[in-house]
Amino acid sequence: MATNNFLISVGDFMNIHKATAGKYIWQVLQTIARYLSDHIHFPQNQNELSSIKKDFYQLASMPNVVGALDCTHIKIESPGNFFRNNIFVYIRMYIV
Amino acid sequence: MLVGGAEAETFRNRKGFFSLNVQAICNANLQFMDIVARWPGSAHDSRIFANSRIKEKFENGVFGNSVLLADSGYPNKKYCLTPLTNPVQQREILYNEAQIRTRNTIERAFGVLKRRFPVLSLGIRLALEKVQCIVIVASILHNIAVSVNEIEPPPLPDNIEQAILDTENLPEEPFNNIGNVPLTVIPYLNHFNNL
């Protein structure tokens, strides 16, 4: 995940086939993901809440802030991406 | 990412490439406190928030008078403050500056997350459920790394930096009306009166 390596090279490093590597990596990911609520959670008591507010206040004296909210796009690939990309851009340009 | 047929196009975002739109809320230490990784790239940021569980909690007053800071893509609510579109008075300018500087934490959190796990910015070629799993796991590991004071990853080579910028710098569509100050912001403006 950190290196964006291919399974075949990961498998080669561990002396296992890439199918085996893929299977176990998937299992490890699922296991870690199960602990989501332990690591990613909102403050559960007043003390935590006020310490977060204090941290935020120290940044730029903005009171009462408990979190900063935003969205980000995680890039993914779609099959036939290249073909569709071209078609899509073409059609869009036509309309414009 | 293996979405085919009619479904695939819903994942195309307004920038033109396929993506998953991930919403996150972080604290001042760049640790994530909430993450939603289920919406396709075509979903607007405000739509994700409107449907999220954390919004319900804020609506029901679970966190008292606490607020979230968001960019202008979100609606202004009493628990969700956005920057003013047209600051005139001194206190409005100060509010905007403080809002932006505090909100900057989430941008930095995403930046650090994507530097730690470049797979998130280079493009994932797996089934959708695995992509979601990877996003969640990356943010969990990121939180752990921050809590044990792991050093921040070094800056990336230019081409990868550019890939991240491409996914980050999407044009903002101003959501709220221009000119008048929303009622929800006024108590906070009074705070900046005294500074």
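Within every chain, numbering begins at 1; the chains are lettered A, B, ... in the order of the sequence lines, protein sequences first and strands thereafter. Below, all heavy atoms of this structure are taken into account, side chains as well, without hydrogens, waters or symmetry copies.
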**Message:** For residues B/Val137 and A/Val28: do they belong to one hydrophobic cluster (side chain heavy atoms under 4.5 Å, members Ile, Leu, Val, Met, Phe, Trp, Tyr)?
**Reply:** yes
**Under the side chain to side chain contact (heavy atoms under 4.5 Å, CB included) test, residues paired with A/Leu59 that sit two or more places apart** = A/Phe56, B/Ala28, B/Thr102, B/Thr105
**Item:** When B/Ala24, B/Gly41, B/Ala70, B/Ser139 are compared by non-hydrogen pairs under 4.5 Å with chain A, the top option
**Value:** B/Ala24
**Prompt:** So how far is it from B/Asp71 CG to A/Leu69 CG, rounded to the nearest 0.5 Å?
**Reply:** 8.0 Å
**Request:** Find the distance between CG (B/Leu120) and CD1 (A/Ile76) and round it off to the nearest 0.5 Å.
**Result:** 12.0 Å
**Request:** Flag the pair A/Phe42 / B/Lys57 as yes when at least one side-chain heavy-atom distance between them is below 4.5 Å, and no otherwise.
**Result:** no
**Where B/Phe17 and A/Lys75 come nearest, the two heavy atoms and their spacing** = CD1-CG, 3.9 Å
**Same apolar cluster: A/Tyr35 and B/Ile134, side chain cutoff 4.5 Å** = no
**Message:** When you compare the side chain of B/Leu20 with that of A/His73, does any pair of heavy atoms fall below 4.5 Å?
**Reply:** no
**Asked** Hey, is CD on A/Gln27 packed in by over 12 heavy atoms from elsewhere, all under 6.0 Å?
**Response** yes
**Request:** State, with a plain yes or no, whether a side-chain heavy atom of B/Phe58 is found less than 4.5 Å away from one of A/Val66.
**Result:** yes
**Request:** Specify the closest pair of heavy atoms between A/Met62 and B/Gln99, including all atoms of both residues, with the distance to one decimal.
**Result:** SD-N, 4.0 Å
**Request:** Identify the residues of residues 47-54 of chain B whose heavy atoms come closer than 4.5 Å to a heavy atom of chain A, ordered by number, or report 'none'.
**Result:** B/Ile48, B/Phe49, B/Ile54
**Request:** Using a 4.5 Å cut-off on heavy atoms from C-beta on, say whether the side chain of B/Arg103 contacts that of A/Asp70.
**Result:** no
**Prompt:** Side chain, backbone, both or neither: which part of B/Asn29 has an atom under 4.5 Å from a heavy atom of chain A?
**Reply:** side chain
**Asked** Are B/Met33 and A/Ile52 close enough, and set up right, to give a side-chain contact (heavy atoms from CB on, under 4.5 Å), and what steps lead you there?
**Response** CA-CA 11 Å; B/Met33 299 194 295; A/Ile52 288 176; 3.7 Å; yes
**Item:** Validation row: B/Ile140, A/Ile40 side chains within 4.5 angstrom (heavy atoms)
**Value:** yes
**Fill in**
If one checks every heavy atom of B/Asn143 against chain A at 4.5 Å, the contacting part turns out to be side chain
**Prompt:** Applying the 4.5 Å side-chain criterion to the ILVMFWY set and letting contacts propagate, would B/Val135 and B/Trp39 be lumped into a single cluster?
**Reply:** no
**Message:** Need one label for B/Ile100: side chain, backbone, both or neither, based on atoms under 4.5 Å from any heavy atom in chain A.
**Reply:** neither
**Complete:** Residue from B/Ile25, B/Val62, B/Ile35, B/Leu113 scoring the most non-hydrogen pairs under 4.5 Å with chain A is B/Ile25
**Fill in**
Counting heavy-atom pairs under 4.5 angstrom with chain A, the leader among B/Phe63, B/Tyr95, B/Phe32, B/Tyr79 is B/Phe63
**Item:** Minimum heavy-atom distance B/Ala98-A/Ala60, with the two atoms named
**Value:** CB-O, 3.3 Å
**Asked** Is the shortest heavy-atom distance from the side chain of A/Cys71 to the side chain of B/Asn21 under 4.5 Å?
**Response** yes
**Asked** Considering only heavy atoms from C-beta outward, does the side chain of A/Asp55 approach that of B/Asn27 to under 4.5 Å?
**Response** no
**Request:** Sort out for me which residue in B/Ile144, B/Ile136, B/Leu141 forms a side-chain contact (heavy atoms from CB on, under 4.5 Å) with A/His39.
**Result:** B/Ile144
**Request:** Could you check which of B/Val36, B/Ile106, B/Leu81 has the highest count of heavy-atom pairs closer than 4.5 Å to chain A?
**Result:** B/Ile106
**Asked** Relative to chain A, which segment of B/Val67 carries a heavy atom at a distance below 4.5 Å: side chain, backbone, both, or neither?
**Response** both
**Message:** Between A/Ile74 and B/Ser19, is the side-chain contact (heavy atoms from CB on, under 4.5 Å) condition met? List the steps.
**Reply:** CA-CA 5 Å; A/Ile74 302 295; B/Ser19 70; 5.7 Å; no
